[in-house]
Amino acid sequence: MCYTWKKRQPLIQYREDDDILTKLACVRGIENPDVFFNPSRDLMHDPCLLNGIELAANKIIKAMMQRKKIGISVDPDCDGICSTAIMVRYLRNFTDNYYILYHQRSNGHGIENQLDQIQDGTELLIILDSSSNSVEACKAIKEREIDIVILDHHAIERENPYAVIVNPQLSPEYPNKEISGAGVVYKTLQVIDDTLMAEVQADDFVDLVMVGMIGDMMDLRNLETRAIVKLGLENIKNPGLQALAKVRNKNPYEMNSTDVSFLIAPLINGTARLDKIEHCLALLLTDEIEKCLEIAKQMDQMRREKQEREMELFEKYKAKVNHSDKIIIVTDPQASKNFNGLIAQQLARAFQRPAIVLREHNGRLDGSFRSYGDFNLKSYLSKIKIINYVGGHEKAGGVGLWASKLETLRRIINQDLANVSFSTGIEFDLVLKPEEINLDLIKQVQKFDYITGQGFEKAKFLIRGISIDDIQYLSGGTTCKISGGNLELIKFKVDENWGNDLISFMFGDNVMIDALGSLNLNIWGSKKTMQVFLDEYRKMAG
């Protein structure tokens, strides 16, 4: 697959003799690099700007101090699981009169799925990372004379008068609308801290807050979010998180946001997608490191199983694709809620257009969509009247319609988008020559890349004129390593044909390429290897 390579135009002009970090900051329009790259806790907003937070905090304090029976509701994703671990670890320092309610991810989201788990005698139910819009369910709970506190961050679609809700979307004065459920829990505990002045503090769990925020793909351009993530990365104390890092061969004290995004959060989300949420909860609530390592190894094995299942489904659904459709639509009576979004994402990448994967059941089609390029798929689908519902974000979400309307939907889409191109490109920040890349330059780039992810990508470079010395296929042929001068180029998740046009150097030809990707420093013992994590390459004349 070949993309268009496009150089970002600097939003602030820089000088050619500026260092690499200054140039990158100028390209991205960062006016105060010291603040942006070294965000301090001074950037965190007053939690009391969140509407309802003091009332919620007081209800929790009262329940703890009076040893009322407290139920804690888990949302089955990384953010919800981390939110629960934070709340439980905090509460158990003050009371043992609590219990956890959870359901598996295949059942969806919301307290509606846990109503039969609410125990008799419960006086306070704390719902984490969901259910702001669960009006009917909250009404039924309230009728049992149970107080409800919801700590959430999702979009508000309807008024819910049956709960005390702390949600940035309900708080006009709170500047950070991109804080996750774990972030809202953190803020609520800060208010409780101010009242109790106890030895245990919200900051003791900021590592879990960080993982929840990264796992839920919060916008990392926001300065408060960056401050929380930085504090969390510098204080990874949870034994479960440490164990996850170790099974992925990472030092938990030397991780950046990309490590969390690609190595840690997927283990939690992946385990939840396999309907094994209890493993995640046990891991993050256990203090015994050996027990944590045992659970982490089990979760890593589940990750491999999930990857195998993904591959099976991708190959199965790929065979069903109608190549003439402007938006891929695949249906399957056995489609899994836990995998629909993942497979839709893979189909979108493979066919370079949006994709929808749907499960057919009782005359309905329900599933997940993923967009491609800059196309706002949610907004487009929301305008089609035969679709029953559309939820989520612009590029990723859920959709449902009657099965009898499917062919009509295909026709509407193909007519509407007949002249729309979904082709996309890869943006890069700067052009480098191989001889310009050294250890000092990479260390500067690592400062830029320390907190990157949603909304703020890692620095990408176009490296011109790399002479190829060797090419190897590793990890059963799924990873390609290309040696070129002082650089090692790594491409993950390749097929058996990837890189075939480079093999000619083995027969005496001088092969040179332009490479587009990010920079990395691989340290193994005393050996330091400068690497390029490849997006793409292009062959040059030798």
Side-chain angles (χ1 to χ4, degrees), residues 75 77 79 108-110 112 129-136 152-160 165 167-170 172 177-178 180-181 216-219 317 321-322 324-332 335 337-349 351-424 454-455:
D75 188 61
D77 64 14
D79 190 32
H109 300 271
E112 295 87 344
D129 191 39
S130 77
S131 304
S132 289
N133 302 302
S134 299
V135 179
E136 289 78 12
D152 190 19
H153 69 116
H154 293 96
I156 301 298
E157 299 170 0
R158 53 206 298 217
E159 184 180 1
N160 185 351
I165 302 176
N167 187 322
Q169 315 309 328
L170 287 172
K177 304 305 181 189
E178 287 287 333
S180 75
D216 221 36
M217 299 182 71
M218 297 296 98
D219 194 328
Y317 293 169
V321 170
N322 182 341
S324 63
D325 281 345
K326 295 296 291 188
I327 293 178
I328 293 166
I329 304 177
V330 174
T331 67
D332 185 350
K337 288 182 181 180
N338 292 344
F339 287 88
N340 288 344
L342 296 173
I343 307 306
Q345 182 69 52
Q346 290 192 36
L347 291 171
R349 289 174 180 167
F351 294 95
Q352 301 185 50
R353 69 193 80 169
I356 304 172
V357 176
L358 299 167
R359 177 176 182 263
E360 185 173 353
H361 182 66
N362 292 334
R364 287 181 57 91
L365 292 170
D366 299 282
S368 299
F369 66 80
R370 293 295 185 269
S371 191
Y372 186 79
D374 297 326
F375 188 70
N376 289 328
L377 185 54
K378 179 187 175 184
S379 293
Y380 171 71
L381 294 175
S382 298
K383 296 175 184 176
I384 300 177
K385 294 181 180 180
I386 63 171
I387 292 179
N388 296 336
Y389 74 88
V390 181
H393 306 286
E394 282 294 348
K395 306 297 172 63
V399 62
L401 70 156
W402 293 109
S404 60
K405 303 291 185 181
L406 178 60
E407 293 310 312
T408 303
L409 176 63
R410 289 186 194 274
R411 186 171 63 252
I412 291 171
I413 290 172
N414 288 332
Q415 289 174 351
D416 285 351
L417 306 179
N419 298 317
V420 173
S421 173
F422 298 112
S423 61
T424 188
Q454 184 69 19

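The figures here come from the full heavy-atom set of this structure, side chains too, leaving out hydrogens, waters and symmetry mates.
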Using side-chain heavy atoms (C-beta onward) and a distance below 4.5 Å, is [X] in contact with [Y]?
{"X": "Asp325", "Y": "Ile413", "result": "no"}
{"X": "Asn133", "Y": "Asn160", "result": "no"}
{"X": "Gln169", "Y": "Asp152", "result": "no"}
{"X": "Asp77", "Y": "His109", "result": "yes"}
{"X": "Arg410", "Y": "Ile329", "result": "yes"}
{"X": "His154", "Y": "Ser132", "result": "no"}
{"X": "Phe422", "Y": "Pro354", "result": "yes"}
{"X": "Trp402", "Y": "Ile386", "result": "no"}

Straight-line distance of [X] [atom1] to [Y] [atom2], nearest 0.5 Å:
{"X": "Met218", "Y": "Lys177", "atom1": "CE", "atom2": "NZ", "value": "14.0 Å"}
{"X": "Asp416", "Y": "Lys383", "atom1": "CG", "atom2": "NZ", "value": "10.0 Å"}
{"X": "Ile165", "Y": "Ser134", "atom1": "CD1", "atom2": "OG", "value": "9.0 Å"}
{"X": "Leu170", "Y": "Glu159", "atom1": "CG", "atom2": "CD", "value": "9.5 Å"}
{"X": "Tyr372", "Y": "Leu377", "atom1": "OH", "atom2": "CG", "value": "14.0 Å"}
{"X": "Lys385", "Y": "Thr408", "atom1": "NZ", "atom2": "OG1", "value": "14.5 Å"}

Check your understanding: Is a donor on one side and an acceptor on the other found under 3.5 Å between the side chain of Arg349 and the backbone of Leu347?
Key ->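 A pair under 3.5 Å: no.
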Quiz item: Is there a donor-acceptor contact under 3.5 Å from the side chain of Asn414 to the main chain of Lys326?
Solution: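 Yes; at least one donor-acceptor contact below 3.5 Å.
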Q.
Pair Lys405, Leu409 - check side-chain contact (heavy atoms from CB on, under 4.5 Å), show working.
A. CA-CA 6 Å; Lys405 303 291 185 181; Leu409 176 63; 5.7 Å; no
query: Would you say Asp374 has more than 12 foreign heavy atoms packed within less than 6.0 Å of its CG?
result: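 No, the 6.0 Å shell around CG holds no more than 12 heavy atoms from other groups.
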Could you check Phe369 against Ile327 for side-chain contact (heavy atoms from CB on, under 4.5 Å), going step by step and ending with a plain yes or no? CA-CA 10 Å; Phe369 66 80; Ile327 293 178; over 6 Å; no
Decide yes or no on side-chain contact (heavy atoms from CB on, under 4.5 Å) for Leu342 and Gln345, but give the supporting numbers first.
CA-CA 5 Å; Leu342 296 173; Gln345 182 69 52; 5.8 Å; no
Q: With side-chain contact (heavy atoms from CB on, under 4.5 Å) as the test, would you mind laying out the steps for Arg353 and Leu417 before giving the verdict?
A: CA-CA 11 Å; Arg353 69 193 80 169; Leu417 306 179; over 6 Å; no
Check residues 357-365 and write down every donor-acceptor pair under 3.5 Å in which the side-chain atom is one partner and the other belongs to a residue at least two apart or another chain.
residue : atom : partner : partner atom : Å
Arg359  : NE   : Pro333  : O            : 3.4
Arg364  : NE   : Asp366  : OD2          : 3.4
Arg364  : NH2  : Asp366  : OD1          : 3.0

(Q) Phe339: which residues meet the ring pair (Phe, Tyr, Trp, His ring centres under 6.0 Å) condition with it, sequence neighbours left out? (A)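 Phe339 satisfies ring pair (Phe, Tyr, Trp, His ring centres under 6.0 Å) with no other residue.
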Closest non-hydrogen atom pair, [X] against [Y]:
{"X": "Arg370", "Y": "Gly397", "result": "NH1-N, 3.6 Å"}
{"X": "Ala344", "Y": "Ala355", "result": "O-CB, 3.4 Å"}
{"X": "Ala335", "Y": "Asn340", "result": "CB-OD1, 3.4 Å"}

Note to self: Do His153 and Asp129 pair up side chain to side chain, a donor and an acceptor below 3.5 Å, judged on atom types alone?
What the structure shows: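 On atom types as modelled, these side chains qualify, holding a pair under 3.5 Å.
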| Ser371 and Glu394: side chain donor to acceptor below 3.5 Å |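 The criterion, which ignores hydrogens and geometry beyond distance, is not satisfied for Glu394 and Ser371.
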